> 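Let me begin by handing over the structure; questions about it come next.
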Amino acid sequence: MEPIKKDAKSNPSATANLFSQIFFCWLNPLFRIGSKRRLEEDDMYKVLLEDGSKRLGEELQSYWDHEVEKATKELRTPKLTKAIIRCYWRSYAVLGVFTLIEEVIKVIQPVFLGKLIQYFERNEPDNMAALYEAYGYAAGVSLSTLGLALLHHLYFYHVQRAGMKIRIAMCHMIYRKALCLSATAMGQTTTGQIVNLLSNDVSKFDEVTIFLHFLWVGPLQAAAVIGLLWQEIGVSCLAGMAVLIFLMPLQTMFGKLFSKYRSKTAAFTDNRIRTMNEVVSGIRIIKMYAWEKPFAALVNDVRRKEISKIMSSSYLRGLNMASFFTANKIILFVTFTVYVLVGNKISASRVFVAMSLYSAVRLTFTLFFPAAIEKVSESYLWSFSHMQKFLLLDELVKSHVPLTQEDKKEASVEIQDLICYWDKVSSLLIFTSLPQSSLLSTVLGELPAEKGVIKVKGELTYASQQPWVFPGTIRSNILSFCFVQDMELLPDGDLTVIGDRGATLSGGQRARVNLARAVYQDADIYLLDDPLSAVDAEVGRHLFEQCICGILKEKPRILVTHQLQYLKAADQILVLKEGHMVARGTYSELQRSGVDFTSLLKKDEEEEGEKGEAPRSPRSRTLSQNPVRSHSTSVLSDGSIAPSIGCPVHTMAEETRTEGTIGLRMYWKYFRAGANVIMLILFVLLNLLAQAFYILHDWWLSYWATEQEKLDFHSSYTNSSNSTNGTITTQELNLNFYLGIYAGLTGATIIFGFMRSLFMFNALVSSAETLHSRMFNSILRTPVRFFDINPIGRILNRFSKDIGHLDSLLPWTFVDFIQVFLQIIGVIAVASSVIPWILIPVLPLLISFLFLRRYFLRTSRDVKRIESTSRSPVFSHLSSSLQGLCTIRAFKAEERFQQTFDAHQDLHSEAWFLFLTTSRWFAVRLDGMCSVFVTITAFGCLLLKDSMKPGDVGLALSYAVTLMGMFQWGVRQSAEVENMMTSVERVVEYTELESEAPWETPKRPPPDWPNWGLITFDRVNFSYSSDGPVVLKNISAMFRPREKVGIVGRTGAGKSSLISALFRLMEPEGKIIVDRVLTSEIGLHDLRQKMSIIPQDPMLFTGTMRKNLDPFSQHSDHDLWNALEEVQLKAAVEELPNKLETELAESGSNFSMGQRQLVCLARAILRKNRILIIDEATANVDPRTDELIQKTIRDKFKECTVLTIAHRLNTIIDSDRILVLDAGRIHEYDAPHVLLQNQNGIFYKMVQQTGKAEAASLLQTAKQVSRAQERDGSLIIFETAL
């Protein structure tokens, strides 16, 4: 496998000193680089030793294994939470000390503030002792802000890192488990679900660790605050605390409801991602069938249900945020209403101490505490149970008995009285794959034996029936031989990049990479599951003679094949029928016994010259006889391939990563996707009104306190002058007026706060819905080339992670940012109106802020983008591993794949670690600046003590202190919004993909078109991309109506490309005319729906059998049953529990390859089109199924033009004409009998390579076809449109 990346730089945080650790100074060099140029993966620091995926995963795995063992003894279900707690509780508990100290400082700070305001209230300008004491309190306020700044960010850095460690360990365990899943377990889960575990469920650990400590700190802090408030305002504080305590369960209830909606959403998200996985995997077939619309309807239906749940949970979030926004105002209103109604007078120190204490406890009580409950319940109820259920699935138990040297010499496979079931539980999995493949699965240990004995002596290696390749180069997929000629056709030889699922290789090339991998292993026993089916006769013969009977001649080989011409070379033949062994023996013994299989063989009249080959015995080999290796590769001890020194290794097309800031245009696109212009104006007005009333609420309280003080002063002055007359008058404020206005302002703040919040969430979730819909439609309309160069993981990442951000995280962050931003502006406006000189320190601080933000964002954006792109390979590696699970296990390569997964994880962790630390670097500096601002304000008030009123000091200082946390949060949220807008950017990028031609055009063909089936190619050139090589060169040919044409050629000759050009999967140059209609002038659906195809890789989709046959619901049940009967699947489908309504497993995996192919044939019968294309459809099926398909085609499609691509010459020898392609050009095109007269022709050579008996039989068939045509003699030649 390719190295994941070059050596990273060592991590400076490991060697940083204490000062550097506290202020994150060790990141300064990275910021300097980031400010000058775009950051690349090579700039990332190596992951810390204690954060390595392997180390963390193995540590947690040992705790989990211990828990499983213990639970088994105690007869209970193992609990994942117990294992996690045992593993991490010590390190996490230490972090609780940080929280405690931080919350203590928060409670002490308002006390200092109150004492400072009291100095101004006493108004003793000459008392120097009081002044020095006031300076002490000012220093107390300043130092507590500085302490908060440092502690808060150190705490957050460490808890987020703790969350990261648990997430990494869980991912390691999930992947490790995925490699061990048994066949039964694979039936209980899907690729989509496992990808979702890795993308969404594990990310809950990053969130839950942040808030967990507040579950115990919250109540302690509340008790301390009540004590202090009692001293300050007496019993009235209980009224405010009652509101706070009422709000807490209300928000906790919101939290629980929210997690209930989230769990429902997650089920729909799972479903959507699974469907998307199938759409992307089967896009070629979906396009050829013109099935985009039913799949769009399917995805849109799931998405609609998902969005309705997301909208409900977003409204809850909106209510939660609005109650957080208005909580302080409600608490103050209730507290001071009770305070004045019981006869107390309002004063500045009391108002502002109470305000500061409430805001200290409010954050914990209305944000952190409910968040802790929400995250814990969400994680525990949903994510933990998901992961626990997955980790408890059945594993495949393979006995690894160490082999002695003697065993290796006597390599053998022994089977007695074997009975196996694929799945005894589910009645769905009735169809086994072909019994031969099941037998190999049993030998490999994939299919457990129900009864009987199977003994294997020696190391096994395996080539699967469905070739599996992973993204990377051919060399990394282990290239061997018999590929040399093809390799010359590939632009980069063995360093050619294989796309996801081997998209850039033909079927035959994939099969040979698959076989090469098996042969490259120096094993004792070779299990080869039909490796010759996907290659043409010449290559098949070459592979059989040079490889299977050449290089491997001294080794025992078990070959499953449907190609009977190879049976003579076998030492022993086993004939299986419907899971039973019906015959066994050598070729000559079976011929003499007259078993059924001989009827499938042509009797070989002539003795075939065997080139003097000695009879082979599987046991007569010596260990020195190793296969000859290709000179271009060297062998490592574990059998993997090391690239030759100095060779450049290509990787997959890089994921795009845009640079620079997110422009205003992107924000406009985002908003306009969810709201029109009038709604956006309303949106601005609501925000301004909510903020205006929020500010007026505080201003009114300050005004009231000032008026009360003036009145008290005036009263005391009047009374002192009147006391000489003996008359004392008491003046009081009109409480009804002041309270009435105060209540009105509180009401308005609540109404507009809630309206603004709900309105914004609605608009932003609507944007997510619209953008997903546009992205999905764009993906459906983009040419197939896009899917060949982009791995599934990369595309799914946009539909899972990026859409996940748009659905839930971005709306919340955005609303929070708008709220905080407006509050910051409000705070500065109020403070500067009270004390104009406060603008003097605000302006330089603001300029510094903006500079620091720009400096930070340059680096932060790149780190975030690298984090997003380094996440994709983790998913790609997981999904490609799941596809090739059988092969990975057969090669005992689990450890190697686990190492690659860990390397991908470590690369992502490098980016994630920097994402966490750069955020903290920024926040510490912001809060540091804010504490400077608080210090200037506190000491400034004392320097200007003569001109300051107590109310002004209280307002200025309490606002300065709230500004401290709020300003840095606002700036960080603005950076966070910008970081998350990269997800919008990535989604918008996929909404603007290149689109293929329109599905329908104004020029529609006649309804009965094509009624003849005449196809003309006129000077057609075809390439898979605008800058790619031309794969069809100047093709001119005519396929007559009702004609059966076979298309043959070596692998990579352009056979499938001819079909791609006909279906316009990419636009060909030149003209293709079908029944006098130029195909390039009509819509793609009009073209594709009028041609039927039976594809090379039969694809069934999750859903009912009915949907798989007839997604548009155009046919009656009678038609569907008839079609199934004609392909002999009726009985099989009738046995299913719900017949046509039975849900199929993922990718139809509960059907054998042959049965899936028959379903594709049934689809073609239902479509009743005049043109049928068969693309190597019978390559992977047994002769009986092949014969059935051929017979059905002859009977049901005799009025159709049929083009058949085939490697088995016996399937196309009875065609009317045969088209022979070579390197993208037509080499010869005529009736088979005529082609066989030309002994220099490619076709003649291909026939000769099948062996003398087979060649004679093919020649005989060609003669018979020729005679029949002569008798018929009345072929009408249509005028071509040429």
Side-chain angles (χ1 to χ4, degrees), residues 13 16-25 88-116 136-163 208-229 231 353 356-369 371-372 916-917 919-932 934-935 938 957-958 960-969 972:
S13 80
N17 59 37
L18 185 66
F19 178 82
S20 180
Q21 292 274 14
I22 292 172
F23 289 96
F24 298 95
C25 300
Y88 296 104
W89 76 270
R90 285 184 193 83
S91 56
Y92 189 70
V94 173
L95 301 176
V97 179
F98 279 98
T99 325
L100 189 63
I101 298 169
E102 188 187 336
E103 297 309 316
V104 166
I105 293 174
K106 274 189 189 170
V107 172
I108 292 171
Q109 194 183 35
V111 178
F112 290 142
L113 186 70
K115 297 283 183 192
L116 191 58
Y137 291 134
V141 169
S142 306
L143 286 171
S144 55
T145 53
L146 190 64
L148 278 176
L150 299 180
L151 273 173
H152 181 75
H153 300 300
L154 273 176
Y155 166 73
F156 259 72
Y157 160 61
H158 284 291
V159 286
Q160 283 182 300
R161 203 166 138 217
V208 79
T209 48
I210 296 175
F211 300 112
L212 207 53
H213 280 304
F214 289 98
L215 287 174
W216 63 273
V217 168
L220 286 178
Q221 192 191 28
V225 166
I226 289 172
L228 289 169
L229 279 171
Q231 281 185 321
V353 168
S356 298
L357 280 170
Y358 277 136
S359 62
V361 77
R362 178 196 61 138
L363 199 64
T364 307
F365 256 61
T366 57
L367 186 69
F368 295 148
F369 193 79
L916 292 188
T917 49
S919 302
R920 293 297 138 202
W921 178 94
F922 183 48
V924 163
R925 277 150 187 73
L926 288 187
D927 271 352
M929 287 168 135
C930 270
S931 56
V932 170
V934 172
T935 307
L957 268 177
S958 63
V961 170
T962 59
L963 192 64
M964 147 131 195
M966 199 194 296
F967 210 164
Q968 75 87 10
W969 180 249
R972 277 195 56 229

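Everything quoted here is computed from the prediction, not taken from an experiment.
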> Which pair of heavy atoms, one from Val924 and one from Phe23, lies closest together, and at what distance?
CG1-CD2, 3.8 Å
> To the nearest 0.5 angstrom, please state how far the CD1 atom of Ile108 sits from the CG atom of Leu357.
11.0 Å
> Could you go through the side chain to side chain contact (heavy atoms under 4.5 Å, CB included) check for Gln109 and Val961 one step at a time?
CA-CA 9 Å; Gln109 194 183 35; Val961 170; 3.4 Å; yes
> Checking Arg920 side chain against Ile22 main chain: does a donor-acceptor pair fall under 3.5 Å?
no
> Enter the distance from Leu151:CG to Asp927:CG here, rounded to the nearest 0.5 Å.
11.5 Å
> Which residues pass the ring-ring contact (aromatic ring centres under 6.0 Å, His included) test with His152, not counting sequence neighbours?
Phe156
> Which heavy atom of Gln221 sits nearest to which heavy atom of Ala360, and what is that distance?
NE2-O, 3.6 Å
> Is there a donor-acceptor contact under 3.5 Å from the side chain of Gln21 to the main chain of Ser13?
yes
> Search all heavy atoms of Leu957 against all heavy atoms of Leu116 and return the closest pair with its distance.
CD1-CD2, 3.3 Å
> Which pair of non-hydrogen atoms, one from Thr209 and one from Tyr155, has the smallest distance, and what is that distance?
O-OH, 4.4 Å
> Give, for atom CD of Glu102 and atom CG of Leu148, the distance between the pair rounded to the nearest 0.5 Å.
6.0 Å
> If you take all heavy atoms of Phe24 and Trp921, which pair is closest and at what distance?
O-CD1, 3.0 Å
> Which pair of non-hydrogen atoms, one from Ala222 and one from Val361, has the smallest distance, and what is that distance?
CA-CG2, 4.0 Å
> Can Leu220 and Leu100 be said to form a side chain to side chain contact (heavy atoms under 4.5 Å, CB included), step by step?
CA-CA 9 Å; Leu220 286 178; Leu100 189 63; 4.2 Å; yes
> When the side chains of residues 211-219 are checked against the rest of the protein, which donor-acceptor pairs come out under 3.5 Å, sequence neighbours left out?
| residue | atom | partner | partner atom | Å |
| --- | --- | --- | --- | --- |
| His213 | ND1 | Trp216 | NE1 | 3.2 |
| His213 | NE2 | Tyr92 | O | 2.9 |
| His213 | NE2 | Gly96 | N | 3.4 |
| Trp216 | NE1 | His213 | O | 3.2 |

> Rounded to the nearest 0.5 Å, what separation is found between the OH atom of Tyr157 and the CG atom of Leu916?
8.0 Å
> Ser958 side chain to Ser356 main-chain N or O, any donor-acceptor pair under 3.5 Å?
no
> Going from OG on Ser931 to CG on Leu926, what distance comes out if it is rounded to the nearest 0.5 angstrom?
11.0 Å
> State the CD-NE2 distance between Gln160 and His153, to the nearest 0.5 angstrom.
11.0 Å
